[in-house]
There are 2 protein chains.
Amino acid sequence: MDAIDRSLVELLRGNARLSYAELARQVGLSAPAVHERVGKLESGGVIRAYRAEVEPEAIGLGVTALIGIVEDSGGDTDDVLETFRQMPEIESCYFMAGVESFLLKARVGTIAELEQLIVRLSRTPGVASTRTGIALSTKWENRPQPIEPPAS
Amino acid sequence: MDAIDRSLVELLRGNARLSYAELARQVGLSAPAVHERVGKLESGGVIRAYRAEVEPEAIGLGVTALIGIVEDSGGDTDDVLETFRQMPEIESCYFMAGVESFLLKARVGTIAELEQLIVRLSRTPGVASTRTGIALSTKWENRPQPIEPPAS
DNA sequence: CACCCTCCGTGGACGCGATCGACCGGAGCC
DNA sequence: GGCTCCGGTCGATCGCGTCCACGGAGGGTG
């Protein structure tokens with residue numbers, strides 16, 4: 001991870017569809033060199049995926065909710081997690097410090113679907129209680145932040 | 001937005017670097033036709049961007065926090081928002097229903113940086129209080145969910 | 001019913017990009 | 001000094017992106 005790798009990561013975070021030739025121009029290397037570097041970033045786990053970012057409303061997911069989960073003292077955390085993983089509406093899942101073990105970001109089409117999701121979550125073995133907040137609007141999301149070189 | 005458009009969106013959400021030729025094979029059209037459709041999805045706002053998804057630890061952002069913000073009754077929401085927007089650590093910003101007007105997802109390198117961020121947030125005019133939860137681990141994030149055709 | 005217009009696709013052509021292999025130069029080590 | 005390894009450039013080949021001309025389906029109109 002030198003300065004050129006950081007530039008490449010930053011360029012690809014801004015636009016994942018840049019060609020290798022274009023990346024090469026931006027960082028001042030040849031296209032094959034860039035190709036090899038990006039390949040190593042991918043296989044080294046630095047770049048996990050390339051994703052198109054989609055307007056959720058356009059694909060029928062107009063309702064965003066953030067849901068805190070308090071675990072049952074008797075439950076098995078891994079089982080709970082596995083159950084969450086089966087629910088496609090849950091786009092993100094963080095294991096948190098604090099009373100609420102998990103924080104979930106879920107997206108559904110309607111409030112009715114959200115209700116059903118919350119019911120399913122509440123019924124999940126190991127879940128003691130849920131607390132749901134509805135996002136009225138998303139101001140921005142997953143904004144890439146500039147990479148600063150490791151303070152050495 | 002017909003079935004082919006939905007397939008294209010789904011394919012690109014899974015891998016934004018697929019070539020037009022590959023997309024064309026997957027959906028059974030020619031490459032120019034796919035090119036045009038994808039172009040319309042982009043300019044129509046359905047596809048907002050293409051982003052490389054990066055392992056945050058690899059770029060020195062090992063600490064993820066979720067921060068609820070309670071607004072001052074006297075403050076101007078737009079000004080508060082603008083202040084948040086200036087802070088690159090805030091990757092996502094949702095305007096919420098409930099006591100906490102905003103929920104922020106922030107990523108920083110160290111707990112010390114998180115402390116500084118919280119101090120800056122607390123001092124922001126219009127912010128009455130903050131409540132921070134630290135993500136011990138991210139189980140998954142921004143998982144694309146399968147697109148279901150609008151129930152017509 | 002014939003006609004035309006529009007939309008959306010195909011096929012062909014051409015230039016550029018992706019990618020492979022051969023080669024090369026500097027750093028580190030005997 | 002010379003070997004080896006790493007990471008780069010260069011050149012060639014093949015496939016892809018992209019532009020353009022053409023064509024067929026569908027709908028509105030005289």
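Every value quoted in this text rests on a predicted model; they were computed, and no experiment measured them.
Mapping B:Ala31 and A:Asp2 onto DNA chain D via the closest heavy atom, the residue that lands nearer the 5' end is A:Asp2.
Within 6.0 Å of CD in A:Glu55 there are more than 12 heavy atoms belonging to other residues, nucleotides or ligands.
A cation-pi arrangement is absent between B:Arg85 and B:Phe102, since the terminal nitrogen or guanidinium carbon is not both under 6.0 Å from the aromatic centre and inside a 45° cone about the axis.
Counting non-hydrogen atoms under 4.0 angstrom, A:Ser19 reaches the backbone sugars and phosphates but no base. As judged by a 4.0 angstrom heavy-atom cut-off over every strand, B:Arg25 is placed among residues touching the sugar-phosphate backbone only.
Using a 4.0 Å cut-off between charged nitrogen and carboxylate oxygen, B:Glu141 and B:Arg107 count as a salt-bridge pair. Contact check on A:Glu89 versus A:Arg120 returns a salt bridge, with a Lys/Arg side-chain nitrogen under 4.0 Å from an Asp/Glu carboxylate oxygen.
Atom OH of A:Tyr20 is separated from atom C1' of C:dT19 by 10 Å (rounded to the nearest Å). One atom, CD of B:Glu22, and another, C1' of C:dA18, lie 15 Å apart when rounded to the nearest Å. The separation between B:Arg37 atom CZ and C:dC7 atom P is 15 Å, rounded to whole Å.
Closest to the side chain of A:His35, from the set C:dT19, D:dG8, C:dC8, is C:dT19. Side chain of A:Ala21, nearest nucleotide from D:dT18, D:dC10, C:dA18: C:dA18. When distances run from any side-chain atom of A:Leu29 to the nucleotides C:dT19, D:dG8, C:dT10, the shortest one goes to D:dG8.
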